[in-house]
Amino acid sequence: MLIDCNNFYCSCERVFNPKLAKLPIAVLSSNDGCIIARSLEVKAMGIPMGAPYYKYKQLIKSHDGKVFSANFELYGDMSRRVMRAIYSFTPNVEIYSIDEAFVSFDGVGHNELQELALAIKQRIYQWTGIPVSIGIGPTKTLAKVANHIAKKQSGDYIFNISDKAKQQQVLANFAVEDIWGVGSKWALKLRGFGINSAMKLCQVDIKWMRQNFSVVGERLVRELKGISCLDLDDLQPKKSIASSRSFGKAVNNKEELAEALSYHVARCCAKLRQQNSKVKVLYAYIRTNRFREGNDFYHDSALHEFAVATSDTGLVIKAVKSCLNKIFRAGYDYTKAGVILTDLVQAEQIQQDFFAKPDSERNSSLMQIIDDVNRRYCNKGLFWGAQGVRQAWKPRCDFRSPRYTTNWDELMVADTAMPAKEAG
DNA sequence: TCTGGGGTCCTAGGACCC
DNA sequence: TCTGGGGTCCTAGGACCC
């Protein structure tokens, strides 16, 4: 099964504000830049996924629509609750993204699957208020196909193609670009060969597919045929960790860039330690507005390789500053900065160096304490001076809803309208 | 005026080895 | 005149996903 939350971010907003139920609503990306989640009403207005907000601001307003700045603390917490509901049915779950999970029910019959899906859907809704669509099929790719259809159907939003005959019928009417794993480039290429439906793709010669679309394409075709090539993945430590933000307003001085980059390093290192990893290579970049006309677009990046892998925020901040020294050019209006930690290794598997020292125990304890404090105080506990205090570069975020479930100061107030004597 | 952020996997080609 | 065969490792870039 593929269980996927419907318009997830929009649904999260609606759970805590039922007045939004029938209104067109959209959720914006960081810096209130792009539209990254749309309610059905907004989709019906023809607004595409990922569209720049400023281009559709008026249209949304004219339909009495409402927009929200991304509230990932809320969405992340709601996601955990949805996943907990799914795990209450089986441990065979792969959390695929913030709003979807693959679930394996090997050996369960067709009809039982249908009932099971309904029970899962109902429990998720009861526990969280989030509506989901469920696709059922013999492989991940076919479950994705089924889910795609489930979403477009009203009713119970469950679609089952575990039956072979049903698969044939569905694939014939399924556009090739809607298949999971077929992006814009491949869609064009496939259509160029006259392959325009999932059925046609299912029937191609497997060797030809391999030659033209690599092993990835071969797996895709096999999956469509019902031969499983993609297993349920366990949660693995990340191989790279990134943090970046577009600035709320342009930044032209080096000090502020250094603060922004230090902020990103601190975020990444906290995530790094959380998965018990250390980093070998740091990559830092800055850039100006890439959409602006003319040729004053400037972007550059620099790399720092640590002799011994580290997870000490202080060391990585020092490194990011030396990177910035290499790439900073005065006289530009910068609009974005970011870092990527890559070549990550597990903490107990680090390669020693004859000349350099590994992280000291003293510093490791310090990091541990900082992480504990920040977890306890919602990331408002301790930070490095290098991150700065004004943070004038912070992204715009004009329409954020309260963090209803994770922040003491923003909890929902349920009884303001109730007279005191009834409240008891 | 205004355009996001965070990931994974695969391949070709270059460099090297004997 | 004529110049083999069999490997490994690394990286940049391109494709994809949400």
Side-chain angles (χ1 to χ4, degrees), chain A residues 2-5 7-9 26-38 47-58 60 67-72 75-76 79 94-102 140-141 144 147-148 177-190 210-220 223 229-231 233 235-250 264 267-268 271-272 275 280-281 283 285 287-293 297 301 303 305 333 335-344 394-399:
Chain A
L2 176 69
I3 304 169
D4 189 317
C5 301
N7 322 317
F8 182 53
Y9 302 159
V27 175
L28 306 178
S29 65
S30 171
N31 215 22
D32 295 337
C34 296
I35 294 167
I36 55 167
R38 304 156 297 156
I47 299 177
M49 175 65 176
Y53 170 51
Y54 76 90
K55 286 188 182 169
Y56 294 95
K57 199 172 178 174
Q58 287 312 318
I60 294 173
V67 297
F68 293 90
S69 301
N71 186 349
F72 281 108
Y75 311 149
S79 174
E94 175 189 337
I95 298 174
Y96 179 67
S97 74
I98 193 167
D99 75 329
E100 46 183 315
F102 287 102
K140 278 182 164 180
T141 306
K144 270 278 189 183
N147 188 275
H148 190 91
E177 48 273 331
D178 291 337
I179 301 169
W180 183 50
V182 177
S184 57
K185 297 282 159 64
W186 279 22
L188 271 174
K189 194 171 161 190
L190 285 166
R210 171 89 186 211
Q211 272 162 20
N212 287 280
F213 294 86
S214 82
V215 67
V216 183
E218 176 172 348
R219 279 199 294 249
L220 185 58
E223 282 258 319
C229 302
L230 305 169
D231 290 335
D233 278 336
L235 206 60
Q236 299 292 335
K238 299 237 184 302
K239 297 177 174 175
S240 67
I241 295 175
S243 175
S244 67
R245 290 288 179 275
S246 295
F247 300 141
K249 60 181 198 326
H264 293 307
R267 269 187 91 214
C268 287
K271 287 184 186 175
L272 189 67
Q275 63 166 31
K280 279 287 279 183
V281 172
Y283 174 87
Y285 61 92
R287 68 162 166 75
T288 61
N289 189 340
R290 70 184 210 275
F291 296 102
R292 203 123 89 208
E293 302 289 322
F297 177 54
S301 60
L303 213 144
E305 188 163 359
D333 279 337
T335 57
K336 181 172 178 171
V339 307
I340 301 171
L341 307 187
T342 183
D343 283 35
L344 309 186
K394 280 263 167 136
R396 280 189 301 276
C397 182
D398 295 338
F399 319 106

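Every chain is numbered from 1, with letters handed out A, B, ... down the list of sequences. Since this is a predicted model, take the numbers as computed values, not measurements. Heavy atoms only: backbone and side chains are in, while hydrogens, waters and symmetry mates are out.
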- Message: Just N and O in the side chain of A:Lys239: are any of them under 4.0 Å from OP1 or OP2 of B:dC9?
- Response: yes

- Item | Rounded P spacing from C:dC18 to B:dT3 in Å | 25 Å

- 5'-to-3' dot-bracket of DNA chain C (Watson-Crick, G-U; under 3.5 angstrom; crossing pairs as [ ]; | other strand): ....||||||||||||||

- Any luck finding a side-chain donor-acceptor pair between A:Asp32 and A:Ser69 under 3.5 Å? yes

- Take A:Val67 and A:Leu28 through the test side chain to side chain contact (heavy atoms under 4.5 Å, CB included) and record every step on the way to the result. CA-CA 7 Å; A:Val67 297; A:Leu28 306 178; 4.1 Å; yes

- In whole angstrom, what separates A:Asp333's CG from B:dC2's C1'? 15 Å

- Message: For A:Arg396 and A:Ser244, find the nucleotide of DNA chain B closest to each by heavy atoms; which residue's nucleotide sits nearer the 5' end?
- Response: A:Arg396

- Task: Check every strand shown and say whether A:Lys55 touches a base, only sugar-phosphate, or nothing at a heavy-atom separation below 4.0 Å.
- Result: nothing

- Note on the structure: In short, A:Asn31 meets A:Ser246 closest at the heavy-atom pair ND2-CB, 3.7 Å

- Note on the structure: Atom NZ of A:Lys238 and atom C1' of B:dG5 are separated, to the nearest Å, by 13 Å

- Message: Do A:Lys336 and A:Phe247 form a cation-pi contact, if we require the NZ or CZ to be under 6.0 Å from the six-membered ring centre and within 45 degrees of the ring's axis?
- Response: no

- Ion pair A:Lys144/A:Glu100, N-O distance below 4.0 Å: yes

- Message: Between P on B:dG4 and CD1 on A:Ile35, what's the gap in Å once rounded to a whole number?
- Response: 12 Å

- Message: Between A:Ser29 and B:dG5, is there a contact of a side-chain N or O with OP1 or OP2 at under 4.0 Å?
- Response: no

- Item | Along DNA chain B (nearest heavy atom to each residue), the more 5'-positioned of A:Val216 and A:Arg267 | A:Arg267

- Determine the contact category for A:Lys336: base if any of its heavy atoms lies under 4.0 Å from a base atom, sugar-phosphate if only primed atoms, P, OP1 or OP2 are that close, otherwise nothing. sugar-phosphate

- How close or far is atom C1' of B:dT3 from atom CZ of A:Phe291, stated in whole angstroms? 4 Å

- Item | Minimum heavy-atom distance A:Met49-A:Arg38, with the two atoms named | N-NH1, 3.5 Å

- Between atom OG of A:Ser214 and atom CG of A:Leu220, what is the distance when rounded to the nearest 0.5 Å? 10.0 Å

- Query: Nearest to the side chain of A:Lys271, which nucleotide is it out of B:dG5, B:dT3, B:dG7?
  - Reply: B:dG7

- Message: Minimum heavy-atom separation for A:Ala70 and A:Val27, please, with both atom names.
- Response: CA-CG1, 3.9 Å

- Message: Tell me whether the rings of A:Phe72 and A:Tyr75 are parallel (<30°), tilted (30 to 60°) or perpendicular (>60°).
- Response: perpendicular

- Nearest-nucleotide pick for A:Ser243, side chain only, options being B:dG6, B:dC10, B:dC2: B:dG6

- Message: Determine whether a donor-acceptor pair (N or O, by modelled atom type, separation under 3.5 Å) exists between the side chain of A:Glu223 and the backbone of A:Thr141.
- Response: yes

- Check whether any side-chain nitrogen or oxygen of A:Ser240 sits under 4.0 Å from OP1 or OP2 of B:dG6, and answer yes or no. no

- Note on the structure: A:Asn31 atom CG is separated from B:dG6 atom P, nearest whole Å, by 13 Å

- Task: Keeping the roles fixed (side chain from A:Gln275, backbone from A:Lys238), state whether a donor-acceptor pair exists under 3.5 Å.
- Result: yes

- Task: Summarise how protein sits on nucleotides 11-18 of chain C as a single string, 5' to 3': B when a protein heavy atom is under 4.0 Å from the base, S for sugar-phosphate-only contact, - for no contact.
- Result: ----SSSS

- Provide, to the nearest angstrom, the distance between the CG atom belonging to A:Asn289 and the C1' atom belonging to B:dT1. 11 Å

- With heavy atoms under 4.0 Å as the rule, sort A:Ile241 into base, sugar-phosphate or nothing. sugar-phosphate

- A:Ile36, nearest nucleotide to its side chain (from B:dG4, B:dT3, B:dC10): B:dG4

- Nearest-Å distance for atom pair CD1/P, residues A:Ile95 and B:dG7: 16 Å

- Message: Does a side-chain N or O of A:Ser246 approach OP1 or OP2 of B:dT3 to a distance below 4.0 Å, or not?
- Response: no

- Item | For atom CZ of A:Arg219 and atom C1' of B:dT8, their distance in whole Å | 11 Å

